[in-house]
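For reference, the structure discussed in these notes is given below.
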Amino acid sequence: MKLTKAMMATTALTLAGTTAFAGGHMANDMTIVSWGGAYQASQDSAYLQPYLAANPDVRASWDESSPEAVAKLRAMNEAGNLTWDLVDVVAADGIRLCDEGLAMEIDHDALLAAAPDGTSATEDFGDLIVSDCFIPQIAYSTTNAYRTDVTAWNGAKPSEICALFDLETFPGTRTLQRSPLDNLEWALICDGVPFADVYDTLETTEGQDRAFAKLDTIKDSTIWWTSAAESIQSLADGEAVMGSSYNGRFFSAIVEQNQPLEMLWDAQVYDLDGWIIPTGLPEDRLARVLDFVFFATDTQRLADQSKFISYGPARASSAPLVSTHATLGIEMAPHMPTDPANSSNAFVQNFMWWADYRDDLDARFQAWLAQ
Amino acid sequence: MTSLPIYATTGQKIWHYTFRVIVGLILFFLIAPIIIIIPLSFNAESFFTFTPEMLALDPAGYSLRHYRDFFTNPDWIRPLQNSLIIAPFATVLSVSLGTLAAIGLSQSHVPYRRAIMAILISPMIVPLIISATGMFFFYSQMGLWMEDTLGFSRSFTGYVKVILAHAALGIPFVIITVTATLVGFDHSLTRAAANMGATPTQTFFKVQMPLILPGVVSGGLFAFITSFDEVVVVLFVGAAAQKTLPWQMFTGLREQISPTILAAATVLVAISIVLLATVEMLRRRSERLRGLSPN
Amino acid sequence: MAEQMMAADGRTLKSSLNRALRRQKLRALLLITPLLLFILITFVVPIGQMLFRSVENQIVGDTIPRTVEALADWDAATDPVPDEDVFRAFAADMMVAVEERVHTRLGSRLNYETAGISSQFRRSGRDVEDMGEDLTAQFTALDPAWADPATWVALMADPDWIADSATAQTEPAFVVADAARDALPRTADIYADFARVTQVANNDSPTEEQPWNVVYIALYQDLIANPAPQIAGAPDGLLGAAGAAAAGFVAPDIRAAFVDSDAGWGSTVTWQTIQTYSPAYTSSYFLNSIDLKQTPDGIEMAPENQQIYVKLFIRTLIMSLTIMVSCILLGYPVAWMLANLPSRQANLMLILVLLPFWTSLLVRTSAWKVLLQQQGVINDLLVWVGLVADESRLTMINNSTGTIIAMTHILLPFMILPLYSVMKTIPPSYLRAAKSLGATNWTAFWRVYFPQSVPGIGAGSILVFILSIGYYITPEIVGGTSGIFISNRIAYHISSSLNWGLAAALGTILLAVVLALYWAYDRIVGIDNVKLGG
């Protein structure tokens, strides 16, 4: 069954075939939760519209509540009134929801399509399956960019992450996320800690002291952002000269809006975004969601999404299928965080470690900010 | 204050004009952000930035694209409609219940007055995010009951939930402003009216209401704005079908800063100026007709 | 004695007055009741339940009841790590919790207190299934019947249940026989859980599933305690043989298995955390919200570099007061002017005051960013005029100044309108009368006008102060590092960390502070007001 499934999924003709998959009766209404904006639009074009074309009976609606998903899912779960069928979350939230029993554990091999060459889903997604509940969709990265027109730099160009901490060569305001994530890692890396030792170091009080001491050096010249759009705005304004955001936002600012910015891919931190299915769906709704997820996470569909947005598909087998931007017509591969030229020195975040230490470090980070 | 008497001293004159300048500056402070928003909404680029082209007044730096986006994109039209449905209903509810309760509270012998007052203004005191989560539990149960037992449609239930939630949030404003007006209210007036044979309802509408009207109106305005500008509670209590304008702006600002938000704001300002000006003109007309004009 | 005064209807005046008073009270209550009910039902009760989470802690006792009981006697001073019994109880609890998928939830609860516990639960949750498999193998080697689900049902099930399930369409909920409870108490206890989980969570039947390894561990413990248990109707010789052989079995080392799965189980801190947080109600969230920590040695200060909440509470109060005072200073002149202009001009001015309301709070806040930032409009103007050098542009945003400016702007109408509506009720003739009696402008204003406008200041101040205490979106955007409020942390704990207990505790404290201030206000200012109003 699984093998035939995988083979069928490679051709677009079998869309209707997947309907047989759940066996039982499938609900026709589906509420999908995502982030809104360009990202949700890309999901709509790459996943939902083709699915609806093949299943004309289905009525699907988007709910742009992903930023509140964790809290709202918990409230729904406790109230016993689950109105969502599928939720798009970042990996850290996926782990949190799984830990809280709010997301359903799934068997990736049984429920997701295999790659066209028969590689199982688990292998195709590889390490990106960071939790038993998480169905990866895209890999994005939190990375940095700088303005290309800063006169005070006398023509110097940042080429590696530690330029962030180098106020002498690259004076000017930074803009970083108001969160311990990524920043503490970058601080340690620039304090001489090898990538592999970052989390072991950060687990000790001395290691944390080191990271905060390093951040202290740029604390007074940093604007802390909470939504990624703020960071792009500061850079576009010239209020900040260098700073972090998500690579897709930078892509849109640089390529689509022609802002004088350039990417600094060094030590980009990979993050993931994917689906979770809430715990406690009635059988017919669950059957519909599984049917949709099977379709929406196959190799071709994930590759299709990259036509609309510069995030890397989570399947290894999708990478060769990444083509050109749907409207601009440019090659998307060089803008992907996973492109070899960009990922030569990428840093992989340890989600499990953060799940344990996030609360403590967040308290410390906020206390540090407040000092 | 209205105009300077002819016998004013130099000091009084200086003070008179200084005072006007101060008030002018404060008013400027109030509308400064709006003055900034309007030109930025014609930005040809997708950022909240005055580009060099804009500063040079180069037509290429300006465009109507964000307005086109606002008026053609259902992502904006639908929330605008939702806001215009939800806010008035919530306001009517909080004003009517709130005014009655404020009048009740201002009577001289109300047992547990302080405790009742504290309960009634609690929606304003509890941090919004906690109210939002707590209300979610109540309204999801109520929604289920309305759908299953009463057989209402999901969309109708959704609006009722948001309207009730917003009404609760608006009530403290009505209570506080109306109570403040009632503090100065001379209760012998109602007694006099009662003495002369007016029913309580008559007394209320003919005597009390006109006098406390400024308080009721400002309380109602606050209630309206609370609903019209509220984003935290609607995110929890509402579903996508009840997405309001602030919700759309919130997602807009978070996802990708786009001057479409500014275009939306400008349109709202323009509409409100036209509306308020029309109301004012009608009022003056009716005053003139009734020969009440003070000037 | 003088005759009692009589009212027109022939009753005594006193009772007549009392009746009138009662009627008045009743009418007041009638006016208040609809709203009071509405607020109580839709707001106070649900929010009360939400805030009650600040003391709730049933999750520990509910998820690992056996462990909590076994740990009660454990003393970290004499014994750094609990003994095998505790670990066996824990294995049983974990097995049930894993099957019901609630163990990670407990892990994240305890992780609030001790970082790292969450992954211990996650990791060992995967391993607990295999713990004790050697013991199970010894039982089945002794008699293969031990691997047969039917053997277990015969031993454990209530005869009535067996009879019922033979006839019923769907299997009724499993019932453990009293005889089994008497003879094999531990085994019966965990087997009951096994049967329940098999039926409910896994939609299966205990008649078809071999029990978990932890059931065999319990059986082993029961047999060591009592080698010759008697259960009427048990398969012949099965129990007796097992009882005789048990003493010779290699005892399971569950402690080693857990420590092997995650070294954290060998540390005293882990078990102290579980022990400290086993009661059903806890003060720990409240302690955490004032930078204290409950430790086995009593209450201590949180690590200095994590102390944040007290500071934030104080900052929130000071900043809100500052915003309130700025609003009074800016609002009073405007309200005065509004109240004293002819209504035409006043209405035009009112439109200006209300205009900001029509632009979303988010937009206004963003606009302040455009105005105030270093490359912003105001700095550009100052540089252009030459008041400020290009290198030393003013920092007016991303700090507390930014928060105060933006919040004062947002809340100013909330001060102006109540002031205006109160000032409108003050007859201008009072001021003229004072002046004609010889008062200076200032005295006339301060002694005559101002006292009458105090209710407006009071109402406006309450609105502005309370609203600013609860705002978090504006400080988040323009507050930088020094302009963040306590509400920002509450929002973080509700929507990101899911630590609702702590959020509820912080919210309760904030609510208490505001109510206390409100009460104080009512005492100091409010009472006079009531007298003013007669």
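Here the structure is a predicted model, which means the values were calculated and not measured. Here is how names work: the chains are called A, B, and so on, in the same order as the sequence lines, proteins then strands, and each is numbered from 1.
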Which value, rounded to the nearest 0.5 Å, describes the distance between [X] atom [atom1] and [Y] atom [atom2]?
{"X": "C/I397", "Y": "A/I223", "atom1": "CD1", "atom2": "CD1", "result": "9.0 Å"}
{"X": "C/R101", "Y": "A/C133", "atom1": "CZ", "atom2": "SG", "result": "9.0 Å"}
{"X": "A/Q366", "Y": "C/Q307", "atom1": "CD", "atom2": "CD", "result": "15.5 Å"}
{"X": "A/T173", "Y": "C/Q375", "atom1": "OG1", "atom2": "CD", "result": "8.0 Å"}
{"X": "C/S495", "Y": "A/E68", "atom1": "OG", "atom2": "CD", "result": "7.5 Å"}
{"X": "A/Y357", "Y": "C/S119", "atom1": "OH", "atom2": "OG", "result": "6.5 Å"}

Determine whether [X] and [Y] make a side-chain contact, defined as any pair of heavy atoms from C-beta on separated by less than 4.5 Å.
{"X": "A/E230", "Y": "C/K369", "result": "yes"}
{"X": "C/I484", "Y": "A/L369", "result": "no"}
{"X": "C/W500", "Y": "A/R74", "result": "yes"}
{"X": "C/E476", "Y": "A/R178", "result": "yes"}
{"X": "C/S108", "Y": "A/E100", "result": "yes"}
{"X": "A/D356", "Y": "C/R122", "result": "yes"}
{"X": "C/N305", "Y": "A/W368", "result": "no"}

### Task
Return the minimal non-hydrogen interatomic distance between A/D359 and C/S497, and the atom names on each side.
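Of all heavy-atom pairs spanning A/D359 and C/S497, the closest is OD1-CB, 3.5 Å.
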### Task
Can you see which heavy atom on A/R96 is nearest to which on C/S496, and at what distance?
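Heavy atoms of A/R96 and C/S496 come nearest at NE-O, 3.3 Å.
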### Task
Let me know if A/E105 has heavy atoms under 4.5 Å from chain C in its side chain, its backbone, both or neither.
side chain
### Message
Given heavy-atom pairs under 4.5 angstrom as the criterion, report whether the side chain, backbone, both or neither of C/R315 touches chain A.
### Response
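The side chain, not the backbone.
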### Task
Please state whether the side chain, the backbone, both or neither of C/F121 comes within less than 4.5 Å of a heavy atom of chain A.
neither
Whether over 12 other heavy atoms sit under 6.0 Å from [X] [atom1]:
{"X": "C/E129", "atom1": "CD", "answer": "no"}
{"X": "A/E283", "atom1": "CD", "answer": "no"}
{"X": "A/D127", "atom1": "CG", "answer": "no"}

### Task
Give a yes or no on whether the backbone of A/E239 and the side-chain of C/Q373 come within a donor-acceptor separation of less than 3.5 Å.
no
### Query
Are A/D362 and C/R489 ion-paired here, with the side-chain N under 4.0 Å from a carboxylate O?
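Salt bridge: yes.
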### Query
Among C/N111, C/V370, C/L106, C/L312, which has the most heavy-atom pairs under 4.5 Å with chain A?
C/N111
### Message
With side-chain contact (heavy atoms from CB on, under 4.5 Å) as the criterion, how do A/D360 and C/Q306 come out once you've worked through the C-alpha distance, each side chain's angles and the decisive distance to 0.1 Å?
### Response
CA-CA 8 Å; A/D360 271 21; C/Q306 288 182 17; 4.1 Å; yes
